[in-house]
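Only one structure is covered here, and it is reproduced in the block below.
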2 protein chains.
Amino acid sequence: MKTTRKKVTIRDVAQQAGVSYGTVSRYLNGNNHVSKDASRRIAAAIRELEYTPNRAAQSLAQQRTLTVALIIQVESNETIVQASVSEAMTGANQTLGDAGYQMVTLIANSDESTERIAKLVRSDFADGYLLFSLSNDNLLANTFLNISRPVVRSEAGDRGDLPYPAVDFTNRDGQRDITRYLLDKDRADLVYVCGPGYSPSAVNRLEGFKQAMGERFNERQVYYADDWEITSGEMAAVEFQPMLNHINGFVCANDNIAVGVINQLTRFGYRVPDDIAVTGFDDSSMAILANPKLTTVRQDSILHGQTMAELLLKMMRGEQVEDHYIKLLPTSIVERQSA
Amino acid sequence: MKTTRKKVTIRDVAQQAGVSYGTVSRYLNGNNHVSKDASRRIAAAIRELEYTPNRAAQSLAQQRTLTVALIIQVESNETIVQASVSEAMTGANQTLGDAGYQMVTLIANSDESTERIAKLVRSDFADGYLLFSLSNDNLLANTFLNISRPVVRSEAGDRGDLPYPAVDFTNRDGQRDITRYLLDKDRADLVYVCGPGYSPSAVNRLEGFKQAMGERFNERQVYYADDWEITSGEMAAVEFQPMLNHINGFVCANDNIAVGVINQLTRFGYRVPDDIAVTGFDDSSMAILANPKLTTVRQDSILHGQTMAELLLKMMRGEQVEDHYIKLLPTSIVERQSA
DNA sequence: CTGTTAGCGCGTTCAT
DNA sequence: ATGAACGCGCTAACAG
């Protein structure tokens, strides 16, 4: 057993196998034909020497890196606790890995880190990019406009100037369906707690609520939150307090908000769902933690990641994808206790 | 404004500035002297051409990558929802970035991905490694034994054969202190819900409980959970059901478990903390979400990441760190409602 | 089928 | 202070 921890290169392998290193390279890249015999000897040499190709050299020669960067943009110094993102990462990592790509995730949470990442991108750091914009501004998005590598976004964006394809959920339909679910249960007097305005998802979900309500929709029955947090739900409930006696359902744009609403309603002395039903969206871990457990709209975040990765792989293979292409993933209603 | 999106190299810059590319290289790496005048012209050329050095070429020539890999090992297909990890990532990303390094996150959640990452490591993919082992086996750890790059671990490990320094929290002291906090409040009849046996943190925390209990400690007052999840807390409460009438406190190894205990105790008809007090550990987001809000042990995960990064930077600078060196970060008690 | 060689983009001597 | 040339480790195109 060799413990020589000195750069073992393709040349060492060649020498050990008694061939030229060009042959070794061919063997490794499997393109052309290498004699049965040579192959065997090369394989043995590689194993013995514990040879691993040098990544940097490979990229330099091949003009590709075999890595894909998953970039997460969050508000300054915010952390990425969001379970959905974590799950999407897992899904993407999975399929990219199967295709031989290594996924690396980059976090842009400050001006400096954003600039640093932009620089990386410009230096052809990866062969493709998965873009998770959790924040308002898209500083990075502009950087990508100038490069020729494929990019896939995680949200059907609002910015028409970004041609990148996206994978998203059927937010509108999901919200519409769960609203109908309430209506079908004779909960006719509903109010809606909308997500932050900068989020395309929030806009689409509100659209779904409107659709389900049809004629009955009224601007005064919607509360516009500033973020996706629990506190916003509490504030919404307070805002609607004067009307609480006839309201019999809160449709909320996500689980956190729903939890906030429930908390506040409980404090006011209302019972959920007996007096007032409450629905969430996301089916996050919060959904089963809440009391009562949340009836909500489920979206498969792992699938989200996988689908984004598949689309990116397709693009990296050179297949053309039309600008602004959007793939929508289905959602489904999960019936628990809150509605 | 040039829209030429063709590989602009150091040579282009040199030509535009009217110098040889050797000079540009020197200018970039700031080592030697470059004439005031040349510098100015080079700077202008770089800006105009939007030149960014090619990463692969740089690493190849310099034998370093200016990137640090943060590797997370989780059970197969598990997601990394853990807020503490997410926060540590943020902290590490911060300080590494300030030092000019780019942090990339790698997820090992299957045999294939683990092997792929091991390969990356062997190919000198990064200049240093931050290792988060959330799972039992340390397949990867062995890979590192054969390379000469610095490694820092996130947990004071149980494996004596791994010489890498680690940054961890004072788990033992934290658990001891919060146990004493209960004892001081005349909660003398305590039980302990221990974390999974493969986790060094779990072992240390149990140790702290024992220490605080002293003579009074009894093996029958501890429940050994298989994981860190809510369900385990519920199971523990069920297990202790026969003794619930005289027990007046549950000390739990983390917040999730504490939430589970509270849920189950509530179902059994006990009031928390009036009948039975419950404490958590981590001060995760769950702590304030729980009802009643959790009294728990706080640990600063962002600081955790920062400290790990600082230690790694030190090692990458060439400073020697003794084998098995362990840096312990303080914890503190957060008093809320559950105890 | 295989050896040879010219780059890939940049850092680094070595002269000048 | 600056230009020229070599090498980092590997791929690919070209002979043979």
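Every chain is numbered from 1 and lettered A, B, ... according to where its sequence line falls, protein lines coming before strand lines.
- The pair A/K119-A/E112 does not count as a salt bridge, with every side-chain nitrogen at least 4.0 angstrom from each carboxylate oxygen.
- Close to D/dT2, at under 4.0 Å from its OP1 or OP2, lies a side-chain N or O of B/S35.
- Applying the ring-ring contact (aromatic ring centres under 6.0 Å, His included) criterion to B/Y101, with sequence neighbours excluded, gives no partner residue.
- In this structure, the helix from C/dC1-D/dG16 to C/dT16-D/dA1 shows an angle of 40° between the axis at its start and the axis at its end, each fitted on 5 base pairs and rounded to 10°.
- One N or O donor and one acceptor, one from the side chain of A/R26 and one from the base of C/dG3, sit under 3.5 Å apart.
- Whole-Å rounding puts the A/Y27 OH to C/dT2 P distance at 13 Å.
- A/Y164 and A/R153 form no side-chain donor-acceptor contact under 3.5 Å, judged by distance and modelled atom types alone.
- Between B/Q15 atom CD and C/dG9 atom C1' there is a gap of 16 Å when expressed in whole angstrom units.
- The existence of a salt bridge linking B/E319 and B/R317 is confirmed by a sub-4.0 Å separation between a basic side-chain nitrogen and an acidic carboxylate oxygen.
- With respect to the salt-bridge test (charged N to carboxylate O, under 4.0 angstrom), the residues B/R149 and B/D124 qualify.
- Counting heavy atoms of neighbouring residues, nucleotides and ligands inside a 6.0 Å radius, atom CD of A/Q15 does not exceed 12 of them.
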Tabulate protein N/O versus nucleotide N/O from nucleotides 6-9 of chain D, keeping only pairs under 3.5 Å, one per line.
unit_1: D/dG9; atom_1: N2; unit_2: A/A57; atom_2: O; d: 3.4

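- Taking 4.0 angstrom as the limit, B/S20 places a side-chain polar atom (N or O) nearer than this to OP1 or OP2 of D/dG3.
- The phosphate of D/dC10 has neither OP1 nor OP2 within less than 4.0 Å of any side-chain N or O from A/S25.
- For the 3.5 Å distance criterion, the side chains of A/N54 and B/S123 fail to qualify, holding no donor opposite an acceptor.
- Counting non-hydrogen atoms under 4.0 angstrom, B/V24 reaches nothing in the nucleic acid.
- A donor-acceptor contact under 3.5 Å is not formed by the side chain of B/R64 with the base of C/dG11.
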